[in-house]
Amino acid sequence: MTSNAGARRFRRGYIRVKKIFLTGLCFLIFAFSSCQGKNADSANGGEAGGNAVNSDGLIVVGFSQVGAESDWRMANTKSMRETFTEAKGYRLIFRDAQQKQENQIAAIRSFISQKVTYIVLAPVTEDGWDTVLKEAKDAGIPVIVVDRMIKTQDNSLYTCWIGADFRKEGGTAVAWMEKNFGTDRRLIIAHLQGSLGSSAQIGRTEGLQAGIDKNIGWRVAVRDSGDFTQVKGKEVTERILKQYERIDVLYCENDNMAFGAIEAMDAARWTYGVNGATTIISFDATRAGLEATLEGKINYNVECNPLHGPRVEEIIRQMERGEIPSKLAYVDEIAFDAKTITRADIDARSY
Ligand code: GZL
């Protein structure tokens, strides 16, 4: 065989081997990329563009939680996590918004893109939800609002709401104040508000304001927000103690701000509680809040029950049965007086 013919045969063989190699390489690249794409989709809980609920027969619940700002919030999150487990037929996608509405809106949009079965929203504030809830409605995903309320002109944007009657909670505190201070004496009140614009703050403030409007001797010397946190509750109280000689009632819109206020009062050697100059009223009745009530540091503590997990599950079960849940559902709540609370009262509670 001449060297030219041999060279030609070698070239033809080389080109054939090269073609086979390149075809195989293209196939491998295509197979890997489509597999990767599928894995990415299944990581989001479904087939490529498929419905998350179908991936493994679980009901997928996207829960946008306010944050982790208080003992109440932690108990609320625990209740939801303990309820929506795979053993009970759910996949819970939990998002903590660090008390920022923009994070909740982003979470809801991610739930929509993952095609969850239900969206549960604990809204940080009442306003600003219409746009994103319209997107959820257009995607055919029911929205259950829990804890605080949303304000909207279009009630079709959410299926239902379950939570506390915050104004009633404030009214309960005012009734106790009337009983213990009378209605015709001068009362100097310092008011620690929760996160401004949240239903809990709006309702508890309205409850107090109704008492002030009714009892002419009552006066709010100072009103400031501690954002439902212990750190800010302490900061606000430190400022108050520097400005005022006398505070008859410190009205704290949650336990964690009351704990911060107690820290500030201790540091300033300011007396409070059942044996002190300043009466402390608080809300939530968390375990730590009730311990402080039992110790006489908090005079009166109005419960706000955080155990919404089973309540939300009941709503979902109703909807799975094709039933329509009540649009609004209020939870029953009680209150605790430092003068009558017992250890048994606290031990009987699950949070
Ligand atoms: C009340 C809830 C409030 C609690 C606070 O339902 O929204 O938010 O009172 C919590 O402790 O931060």
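When a ligand or atom number is given, it counts from 1 through the structure's own listing order.
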Salt-bridge contact Arg73-Asp147 (side-chain N to carboxylate O under 4.0 Å): yes

Gap between atom CZ of Arg91 and atom CD of Gln114 - 0.5 Å precision: 9.0 Å

Per-ligand residue contacts, ligand 1, heavy-atom threshold under 4.0 Å: Glu69, Ser70, Trp72, Arg73, Asp147, Arg148, Phe166, Ala200, Arg204, Phe228, Asn254, Asp284, Cys304

Passing candidate, side-chain hydrogen bond (donor to acceptor under 3.5 Å, both in side chains) with Asn76, options Gln65, Arg81, His308: Gln65

Distance in Å, Phe84 CZ paired with Tyr118 OH, rounded so as to fall on 0.5 Å steps: 10.0 Å

Distance-only polar pair, side chains of Gln201 and Ser225, donor-acceptor under 3.5 Å: no

Proximity of Tyr244 and Trp270 rings by center, below 6.0 Å: no

